[in-house]
Every structure is written in C-alpha cells, then in structure tokens.
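Comments concern the structure below.
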Protein chains: 2
Amino acid sequence: MHSFTEENYLKAIYKLQETNGEVVATSALAQVMEVHAPSVTDMLKRMAGKKLVTYQKSKGVKLTERGRQVAVGIIRNHRLWEVFLVDKLGYKWDEVHDLAEQLEHIHTEDLTNKLDKFLGFPKADPHGDPIPDANGVLPKSKAVLLSTLKVGEEGTFTGVTDHTPAFLNYLDKAGISLGNNIKVKAIEEFDQTYTIQLNDEKDTVISHKVANSLLVNK
Amino acid sequence: MHSFTEENYLKAIYKLQETNGEVVATSALAQVMEVHAPSVTDMLKRMAGKKLVTYQKSKGVKLTERGRQVAVGIIRNHRLWEVFLVDKLGYKWDEVHDLAEQLEHIHTEDLTNKLDKFLGFPKADPHGDPIPDANGVLPKSKAVLLSTLKVGEEGTFTGVTDHTPAFLNYLDKAGISLGNNIKVKAIEEFDQTYTIQLNDEKDTVISHKVANSLLVNK
DNA sequence: AAAATAAATTAGATTACCCTAATTTTACTT
DNA sequence: AAGTAAAATTAGGGTAATCTAATTTATTTT
C-alpha cells in the first residue's frame with residue numbers, strides 16, 4: 001500500500017509531533033531520516049498528494065488523521081514484533097530494534113491482530129514502550145523520569161527514554177530491569193549522582209544521565 | 001544487502017532451473033516475474049555485474065554459486081515463515097503464501113536460525129515443501145505424483161504441485177490432508193478419474209487434474 | 001528596519017526498476 | 001539455404017527516492 005520509505009517518514013513525523021509539538025520542520029525530519037533537506041521537501045510533496053500529511057511550503061508538516069492512523073499502526077506492529085523477537089525467539093532487548101524496523105512494514109490488519117493474540121495481548125514492548133491497541137489508541141502513560149524524584153521517593157521502573165544498545169547493555173550489567181522497584185536513597189548535590197535501592201535490596205549508584213533516561217511509575 | 005526485487009529474481013531463476021533445466025530464458029523469467037522482457041534483460045545485466053548470475057546475451061541465465069546460496073536461503077526463510085503463520089498464528093494453508101512472500105525478505109542468518117529453532121526444526125512447510133537446512137541443503141524428495149500410481153498401489157500424501165488457494169481449498173473440502181494414506185482403488189479408463197481410499201476409510205473420487213497435483217511417498 | 005544567519009525550496013542529476021516501440025538475433029520451416 | 005516466426009535486445013522514457021549547488025524565504029541580531 002505505502003512504500004517502506006513513506007511509512008518511515010510517517011513514523012518519524014509522528015514521533016517528532018509527540019516530542020516537539022504539532023508542526024514538524026523539514027530540517028528535523030531530515031536529521032531523523034538521515035537524508036538531506038531537499039529530499040524531505042520532495043517527499044513531503046508526494047505525501048501531501050496522498051493526503052498523508054498537510055504540508056505548507058516553508059511552514060512545516062503535520063500528519064492528517066489518515067497519516068496518524070498509518071503511523072500508529074506501524075508503531076503497534078513494530079512493538080509487537082519486538083515482543084515476538086524477545087519473548088519467543090530469545091533475542092535480548094538491545095538486539096531487536098533493527099529487525100523490528102524491517103518487520104514493522106509487513107502488516108495487514110489481520111496479521112498484526114493474530115500476532116497480538118499469539119503474544120497474549122501484551123501492553124508494552126521489551127523496553128516498556130506501550131503498544132497501541134487495534135483501534136490505534138495509545139494508553140497515556142503517567143510515568144515520570146527517575147531524575148524528577150526526590151530523596152525518599154520510589155517507583156516501579158517501567159521504561160527508558162534512551163533505546164541505544166549501549167544504554168540497555170549498561171542497565172543489564174548494573175542489574176536494573178523493567179519492573180524493579182527503585183527507591184531514591186540519596187542525590188549527590190555536586191553532580192547529581194543518584195544512589196538508588198533496587199527491590200529493597202542492594203544500593204546502586206547511577207549518574208544523572210542514567211537517572212534522566214529511566215521512567216518510573218510512582 | 002540485496003533488494004527485494006533481486007531476491008525475487010533469484011528465487012524465480014532457481015525455481016525455473018529446478019523444473020526446466022539449467023539455463024533459464026528471458027521470456028520464462030518475464031512471465032514468472034510478471035514484467036516485460038526488456039525489464040528482465042535490464043535486471044540480468046545488473047545482477048550479472050554483482051556476480052549473482054552468469055548471463056550471456058541471448059543465451060539465457062544461470063545462477064552462480066553465490067546466487068544459488070541466496071536463493072535457497074530465501075526459500076528456507078519463506079517456508080519457515082509459512083510454518084510460523086500456520087502453526088503459531090493459526091492461518092490456514094491456503095492463506096499464507098503472500099505474507100510469507102514478504103516476510104522471506106527479512107532475513108539475517110541469525111533470525112532465520114532462531115525461527116527454525118523456535119518452530120522445532122520443521123522438515124517441511126504447510127504444503128509439504130521441504131525446508132532447506134542452515135547450510136542450504138535441500139533434501140531430495142522421492143515423492144511421486146499420485147497420477148503415476150497404478151490401481152492397488154498406495155502412498156502417503158506429502159505434498160502438492162499446485163499451490164493455489166483454489167486447489168488447497170478444494171482439498172480441504174474433500175477432506176484430503178497431508179499425511180493421509182491414499183490408496184488407488186480404481187482408475188476410470190475413459191477420463192482417468194481416480195477413486196481413492198483415504199486412511200483405509202471412505203472412498204473419494206478425484207479428477208485426473210487433482211491426481212496430477214498430489215505428491216505421495218510410496 | 002536593515003543586515004546577517006539559518007532554514008527551506010528549486011534546479012538539475014543519479015540509480016533502480018519498470019515501460020513501449022523498434023531492431024536484432026535465434027530457431028523453425030519449407 | 002532462404003524465409004518466417006519467435007525471442008531477445010537496444011533505444012528512449014517514466015517514477016520514486018535520493019543527491020549537490022544555487023536560490024529564496026524566514027528568523028534573529030544589531
């Protein structure tokens with residue numbers, strides 16, 4: 001139906017809209033898509049022709065409702081495939097992104113729903129990112145960054161904002177896993193290093209950079 | 001690594017070599033690929049440049065060893081995904097071809113092997129077609145067409161030569177499934193209609209066309 | 001508000017894959 | 001062996017997605 005490229009643009013626009021506001025700039029898209037600006041302008045014209053986005057010369061893009069539907073469908077598919085790769089095939093959470101990036105483009109409504117059922121209707125992917133339901137509804141998360149907690153507060157580790165293998169690997173090594181209870185024991189004033197307690201057991205020291213990439217539910 | 005298109009050409013050439021002999025004609029490929037002859041000539045030149053095929057102007061194509069490896073790898077992947085779709089997701093055997101046709105192009109050695117393991121190292125896909133092993137070795141089948149059996153002979157139904165949904169559906173309706181024992185009770189001389197017995201139970205009458213599309217192991 | 005900087009667009013090419021029409025090569029008949 | 005039919009190739013184009021270089025539009029600074 002849509003080309004892989006189109007679908008990747010839709011996904012990129014969707015994500016940029018989520019994080020940076022309603023209107024997405026050509027340059028932002030170019031960076032995310034790893035292409036040069038004129039390629040983006042070109043593509044946006046084609047996609048506007050297909051009513052996937054509304055595009056005004058030099059004014060940025062927005063997804064149309066149809067564009068949003070497609071984007072969310074792909075994100076749903078991506079996250080379901082990630083669950084498959086980890087839960088069924090035994091991949092580690094830092095290895096699945098690139099494969100899911102390809103599998104996400106193989107989607108008929110039927111396949112996605114059958115996969116969803118097979119996986120037991122998971123609510124989140126292996127990184128804790130929520131999986132949109134069959135109607136394209138993405139549950140609003142009330143998770144906050146660990147770095148916003150004060151000493152003495154605690155929460156359940158439910159997601160990451162940094163998805164790089166390097167970071168995920170670090171968490172593995174540090175023994176920090178999704179579902180862990182994290183309690184802030186101390187915050188070093190000088191450099192905002194956090195001392196946290198995992199599952200009421202051992203204390204661990206993490207940098208501010210790390211605390212700023214962990215999502216917790218209070 | 002290789003484009004979907006290239007992979008589809010490789011697969012088509014491989015299959016044509018299997019059934020029609022070592023050298024494949026441009027026109028045959030054009031028909032299978034559903035493109036016009038000049039497109040094939042064009043593509044073959046590019047593929048020859050990449051050492052996937054050996055191509056001599058107006059003399060047809062052959063796969064190189066590398067080309068054969070890639071082709072068999074894709075067939076392996078295709079058939080494994082078909083098993084996944086039927087065994088795990090609950091698709092019927094007449095529904096999986098087109099989806100597998102897309103999934104087959106998502107293949108890293110690692111993914112394919114993990115999938116293989118997850119599925120329990122199946123020997124054949126849902127239509128009975130053998131699955132090449134990780135080294136690209138395809139077990140030689142000794143199955144024969146049911147239409148070559150004489151009255152009184154029998155065998156196990158292990159595969160089809162017609163993979164169309166229409167035919168597969170017909171078999172479902174007629175209650176003929178892979179693994180069934182089929183015994184030839186009678187062959188009508190006039191039109192070669194076969195009367196067969198399934199699993200030593202009920203007798204069924206099938207046309208010569210059908211008998212000619214069923215593979216059995218004597 | 002004018003000048004300077006940054007962002008976006010147009011212009012003109014390139015590559016992979018496909019097309020139609022015209023031509024050449026191969027194969028088949030007589 | 002010549003003539004015809006069939007198969008394959010060349011020639012010339014088209015579209016999607018990309019690029020670089022040049023130009024225009026928008027934003028920021030003075």
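First the proteins, then the strands, lettered A, B, ... as listed; each starts at 1.
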What is the nucleic acid contact for A/Phe4, judged by heavy atoms within less than 4.0 Å: base, sugar-phosphate only, or nothing?
nothing
Distance check needed: C/dC17 P versus B/His2 NE2, whole Å only.
11 Å
Taking only residues two or more places apart in sequence or in another chain, which ones pass ring-ring contact (aromatic ring centres under 6.0 Å, His included) with A/His105?
A/Phe4
Residue pairs fulfilling side-chain hydrogen bond (donor to acceptor under 3.5 Å, both in side chains) with at least one residue in residues 22-39 of chain B, sequence neighbours excluded:
none
Dot-bracket summary - DNA chain C, pairs being Watson-Crick or G-U whose distances fall under 3.5 Å, with | when paired to another strand
||||||||||||||||||||||||||||||
Take atom CE of A/Met47 and atom P of D/dA16, then tell me their distance rounded to the nearest Å.
13 Å
How many whole angstroms separate atom CG of B/Asn8 from atom C1' of C/dC17?
13 Å
Just grab all the side-chain hydrogen bond (donor to acceptor under 3.5 Å, both in side chains) pairs involving residues 110-126 of chain B, residues at least two apart or on different chains.
A/Tyr91-B/Asp110, B/Arg76-B/Asn113, B/Arg76-B/Asp116, B/Asn77-B/Thr112, B/Asp110-B/Lys114
For B/Leu146 against B/Val184, the heavy-atom pair lying closest together
CD1-CG2, 4.0 Å
Closer than 4.0 Å, any side-chain N/O of B/His36 to the OP1 or OP2 of C/dC18?
no
Taking A/Arg79 first and then A/Glu104, would you say they form a salt bridge - that is, a charged N and a carboxylate O separated by under 4.0 Å?
no
Do the numbers put A/Lys88 on top of the ring of A/Phe118, so that NZ or CZ is under 6.0 Å from the six-membered ring centre and no more than 45° off the axis?
yes
Are A/Glu6 and A/Arg46 within salt-bridge range, i.e. N to O under 4.0 Å?
no
Determine, for nucleotides 3-16 of chain C in 5'-to-3' order, which nucleotides have protein heavy atoms under 4.0 Å from the base (write B), from only the sugar-phosphate (write S), or from neither (write -).
-----SBB-----S
With side-chain hydrogen bond (donor to acceptor under 3.5 Å, both in side chains) as the rule and sequence neighbours excluded, what pairs involving residues 51-71 of chain B come up?
B/Glu65-B/Gln69
